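Got a structure for you, questions after.
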Amino acid sequence: MNDKLSSIDAMANPMGSVASGADQAPSRPGFEIPYTDLREWIAQADKLGEIRIVKGATWQEEIGMAAELVQHDENAPCVIFDEVPGCQKGHRVLTNFFGGRRKNMTLGFPLEFSKLELSEAFLDNYMRELKPIPHEVVETGPIFENILTGKDIDITQFPTPIWHDADGGRYIGTGSYNITMDPDEKWINVGTYRVMIHDKTSVGFYMSPGKHGRIHRDKYQARNEPMPVVIVVGGDPLQFLVACSEMPYGICELDIAGGLRGKAVKVVKGKFTGLPIPANAEMVLEGFVQPGKRRLEGPFGEWTGYYGSDIREEPVLDIQAIYHRNDPIIMGCPPQRPPEEQARYRAVTRSALIRKNIAAAGVPDVTAVWAHEVGGSRMLLGVSIKQRYAGHSKQAGHVAAMCHAGAYAGKYVIVVDEDIDVSNLEELMWAMLTRSDPASGIDIITKTWSTPLDPRIPPEQKEAGDNTNSRAIIDACRPWHWRDKFPKVNMPSPETARKAMAKFGYLLR
Ligand SMILES: Cc1cc2nc3c(=O)[nH]c(=O)nc-3n(C[C@H](O)[C@H](O)[C@H](O)COP(=O)(O)O)c2cc1C
Ligand SMILES: [Mn+2]
């Protein structure tokens with residue numbers, strides 16, 4: 001699984017290689033994603049014994065409290081909240097989908113894979129060559145079981161929690177995705193951006209500068225035209241994982257999810273916007289963002305572990321229709337202080353994407369990448385390489401810091417030799433402490449892509465509209481020109497370690 005990316009891939013453009021032609025055969029002989037929607041996913045996770053149902057918890061306080069607890073424990077179950085006081089029985093909220101052994105099931109890989117193996121399998125089987133399969137329009141689907149329009153629209157009736165006690169509102173969109181179209185280039189984007197309820201018929205959402213949905217929105221605003229939007233607030237977990245990952249610009253994430261599954265995603269057309277809506281989604285909001293219309297949004301407990309960006313004016317979605325299945329399930333993935341659930345799944349997907357991006361930039365012999373959970377899978381990257389030439393480690397570090405999947409909101413990149421397991425935080429730190437020289441081994445890049453959510457950007461800089469931060473690239477490889485003189489590591493060889501485990505492993509249990 002550790003084999004190198006092919007030289008063909010290394011020479012591909014930085015967007016990654018994208019095969020066209022959309023043949024329907026999955027590229028992963030032997031692996032299969034065992035569900036096509038959230039309900040089938042729940043049935044699979046239940047088979048693993050990893051689903052718990054909680055009845056009677058309140059949306060005002062208790063669901064948020066419980067979510068915080070389970071999301072911080074990677075072996076905790078997925079929890080589905082039902083019979084939420086004040087809400088209809090059967091209208092549910094699901095949290096902590098990505099944990100335990102179900103995370104492997106979610107990606108269609110063997111349950112015994114480690115997180116690094118999971119990420120590498122994701123890279124090898126899905127990401128190395130993206131093979132999008134165009135989504136397929138069908139007449140109808142379960143999402144049209146209930147259609148609420150006009151006076152019937154009331155988004156406040158569903159069990160949307162207050163996730164963190166100082167949140168500025170009820171966030172219905174956390175495990176959600178927004179579907180929009182580029183008004184010039186006409187391509188469809190699917191991206192996860194937090195969504196807060198304003199009142200019965202409107203919600204607000206926050207998109208950081210540079211995100212694809214934000215680029216679409218800025219274009220509509222510049223044209224002074226309403227932007228059609230569809231928001232899926234519960235649906236296929238695989239689609240969600242694709243929607244919240246930095247996929248290439250210009251490619252529809254519905255088609256990427258179809259490609260991963262080897263089967264086109266079936267969509268119905270929104271009755272007001274004509275935008276594609278996954279036919280088996282749980283709940284969907286459809287409407288328009290009027291140019292210039294804004295309302296206060298936030299604060300919201302964010303992935304950095306802070307209430308990110310204060311309450312500010314953000315665009316508003318006026319809801320024209322709510323579609324939902326019978327007994328709909330809202331998917332909740334509220335960010336918490338890392339490491340937590342969100343960091344767990346993003347580590348798996350982002351580490352793979354960064355590795356792909358580095359190879360696409362032509363850097364050879366990257367042996368592993370890990371986007372560490374403690375940094376929300378953005379702020380601390382570990383990269384291991386098999387050093388081939390002087391300057392190789394700096395090159396790998398700078399590309400990791402600046403490639404598409406690694407650039408946004410990064411802080412520290414540590415480059416180490418291939419003997420280090422970069423997914424093991426203590427091992428990575430040990431390598432940094434013993435193989436880097438602070439005076440000569442740290443490069444700083446300034447004015448880099450970040451976000452108003454970054455807690456360390458000074459207020460006066462944010463007010464001036466400058467949300468950039470800086471990066472440190474720490475070269476913790478054995479110095480190239482005297483690598484042979486570097487003291488030997490005093491750990492046993494892999495062979496001795498295996499023997500020790502076989503003979504004395506019982507002492508650990
Ligand atoms: C649970 C969750 C919530 C997120 N919320 C936001 C958000 O509010 N605003 C934002 O710009 N990005 C948010 N993101 C990150 C984006 O989903 C991610 O950058 C994605 O790549 C955006 O899609 P795009 O690349 O098509 O723009 C969130 C991610 C997750 C997992
Ligand atoms: Mn996108």
Side-chain angles (χ1 to χ4, degrees), residues 15-16 18 67 71 94-98 130 132 163-164 167-169 171-182 185 187-196 203-219 229 231-235 237-257 297-304 307-309 312 314-315 317 330-336 338 340-350 353-354 357 371 373 376-378 404-410 449-454 467:
M15 309 251 289
V18 176
Q71 285 178 267
L94 177 150
T95 57
N96 204 34
F97 85 101
F98 204 80
L130 275 182
W163 292 110
H164 320 90
D167 283 353
Y171 277 79
I172 191 166
T174 56
S176 59
Y177 28 99
N178 290 17
I179 304 179
T180 54
M181 188 183 72
D182 186 304
E185 300 160 11
W187 62 280
I188 302 279
N189 189 68
V190 184
T192 297
Y193 316 106
R194 73 191 199 200
V195 183
M196 186 186 98
V203 295
F205 54 93
Y206 168 76
M207 298 187 285
S208 273
K211 300 298 173 80
H212 298 158
R214 173 66 178 262
I215 293 171
H216 290 183
R217 191 189 88 198
D218 290 348
K219 287 186 178 180
V229 179
I231 304 181
V232 180
V233 297
L238 183 72
Q239 183 67 66
F240 170 70
L241 285 176
V242 171
C244 67
S245 304
E246 277 71 21
M247 296 296 170
Y249 176 89
I251 300 184
C252 175
E253 285 86 351
L254 294 169
D255 304 352
I256 295 177
E297 188 268 349
F300 183 56
E302 273 292 353
W303 61 272
T304 54
Y307 288 94
S309 58
R312 303 157 337 278
E314 290 291 337
L317 176 76
I330 295 172
M331 183 138 135
C333 290
Q336 316 283 8
E340 40 73 273
E341 184 205 14
Q342 188 178 133
R344 276 201 295 281
Y345 54 77
R346 312 193 90 187
V348 170
T349 52
R350 181 163 302 109
L353 285 170
I354 293 172
N357 286 178
E373 293 89 339
S377 305
R378 293 196 188 275
H404 180 52
Y408 173 76
W449 187 25
S450 191
T451 163
L453 302 183
D454 185 336
N467 293 308

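Every value quoted in this text rests on a predicted model; they were computed, and no experiment measured them. Read the numbers this way: they start at 1 and go in the same order the structure lists the ligands and their atoms.
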- [ ] Measure from the side-chain N and O atoms of Arg214 to the backbone N and O of Met207, and report whether any donor-acceptor pair falls under 3.5 Å.
- [x] yes
- [ ] Assess the side chains of Arg344 and Asn96: does a donor N or O sit below 3.5 Å from an acceptor N or O?
- [x] yes
Open item on the list: For the residue pair Glu297 / Tyr171, report whether a side-chain donor-acceptor contact shorter than 3.5 Å exists.
Closed with: yes
TODO: Take every heavy atom of Arg346, measure it against each atom of ligand 1, and state whether any distance is under 4.0 Å.
DONE: yes
Task: Element-labelled atoms of ligand 1 that are located less than 4.0 Å from some non-hydrogen atom of Cys333 - done: 1 (C)
Open item on the list: Can you report which non-hydrogen protein atom sits closest to atom 9 (N) of ligand 1, along with the distance?
Closed with: Tyr206 O, 2.9 Å
Task: Protein heavy-atom partner closest to atom 25 (O) of ligand 1 - residue, atom, separation in Å - done: His212 ND1, 3.5 Å
Task: Contacting atoms of ligand 1, where contact means under 4.0 angstrom from a heavy atom of Gly191 - done: 23 (O)
Task: No-hydrogen, no-angle side-chain donor-acceptor test under 3.5 Å, Ser450 and Tyr408 - done: no
Task: Any donor-acceptor N or O pair under 3.5 Å, side chains Tyr193, Ser208 - done: no
Task: Basic-acidic side-chain contact under 4.0 Å: Glu246, Arg378 - done: yes
TODO: Check for a donor-acceptor pair, side chain of Glu373 on one end and backbone N or O of Ala343 on the other, with a separation under 3.5 Å.
DONE: no
TODO: Give the residue, atom name and distance (to 0.1 Å) of the protein heavy atom nearest atom 5 (N) of ligand 1.
DONE: Arg194 N, 3.5 Å
- [ ] Would you mind listing which atoms of ligand 1 come within a distance below 4.0 Å of any non-hydrogen atom of Thr174?
- [x] 1 (C), 2 (C)
TODO: Just let me know how Gln342 lines up against ligand 1, side chain, backbone, both or neither, with a heavy-atom cut-off below 4.0 Å.
DONE: side chain
TODO: Measure distances from the Mn ion (ligand 2) and count the protein N, O or S atoms below 2.8 Å.
DONE: 3
TODO: Spell out, as yes or no, whether a donor-acceptor pair under 3.5 Å connects the side chain of His164 to the backbone of Pro335.
DONE: yes
Task: Close-contact set for ligand 1 against Glu246 heavy atoms, below 4.0 Å - done: 18 (C), 19 (O), 21 (O)
- [ ] Spell out, as yes or no, whether a donor-acceptor pair under 3.5 Å connects the side chain of Gln239 to the backbone of Glu253.
- [x] yes
Open item on the list: Test of understanding: given a 4.0 Å heavy-atom threshold, classify the contact between Met196 and ligand 1 as side chain, backbone, both, or neither.
Closed with: neither
Open item on the list: So does Ser377 get a backbone contact from the side chain of Arg350, meaning a donor-acceptor N/O pair under 3.5 Å?
Closed with: yes
Open item on the list: Please find the pair of heavy atoms, one from Thr192 and one from Thr174, that lie closest to each other, and give the distance.
Closed with: CG2-O, 3.6 Å
Open item on the list: Any side-chain to backbone donor/acceptor pair from Asn357 onto Ala405? Under 3.5 Å, distance only.
Closed with: yes
Open item on the list: Taking Gly250's backbone N and O only, do any of them form a donor-acceptor pair with Glu185's side chain (distance below 3.5 Å, no angle check)?
Closed with: no
- [ ] Just jot down the ligand 1 atoms closer than 4.0 angstrom to any heavy atom of Glu253, in number order.
- [x] 26 (O)
Open item on the list: In terms of relative ring orientation, are Trp449 and His404 parallel, tilted or perpendicular, with 30° and 60° separating the classes?
Closed with: parallel
Task: Protein residue, atom and distance nearest to atom 11 (O) of ligand 1, heavy-atom basis - done: Ser208 N, 2.8 Å
Open item on the list: If we set the cut-off at 4.0 Å for heavy atoms, which region of Ser245 has an atom near ligand 1: side chain, backbone, both, or neither?
Closed with: backbone
Open item on the list: I need the contact type for Tyr345 against ligand 1. Using non-hydrogen atoms and a strict under-4.0 Å cut-off, is it side chain, backbone, both or neither?
Closed with: side chain
Open item on the list: Can you report which non-hydrogen protein atom sits closest to atom 12 (N) of ligand 1, along with the distance?
Closed with: Lys211 NZ, 3.0 Å
Open item on the list: Just to be sure I'm reading this right: ignoring hydrogens, which of Thr192, Val190, Thr180 gets closest to atom 2 (C) of ligand 1? Compare them by their nearest heavy atoms.
Closed with: Thr192
TODO: Check each heavy atom of Pro334 against ligand 1 and say whether those closer than 4.0 Å belong to the side chain, the backbone, both or neither.
DONE: neither
Open item on the list: So for Arg350, does at least one of its heavy atoms come nearer than 4.0 angstrom to any atom of ligand 1?
Closed with: no
Task: Side chains of Tyr206 and Glu302, donor plus acceptor under 3.5 Å - done: no
Task: Nearest neighbour in protein (non-hydrogen) for atom 20 (C) of ligand 1 - done: Ala243 O, 3.6 Å
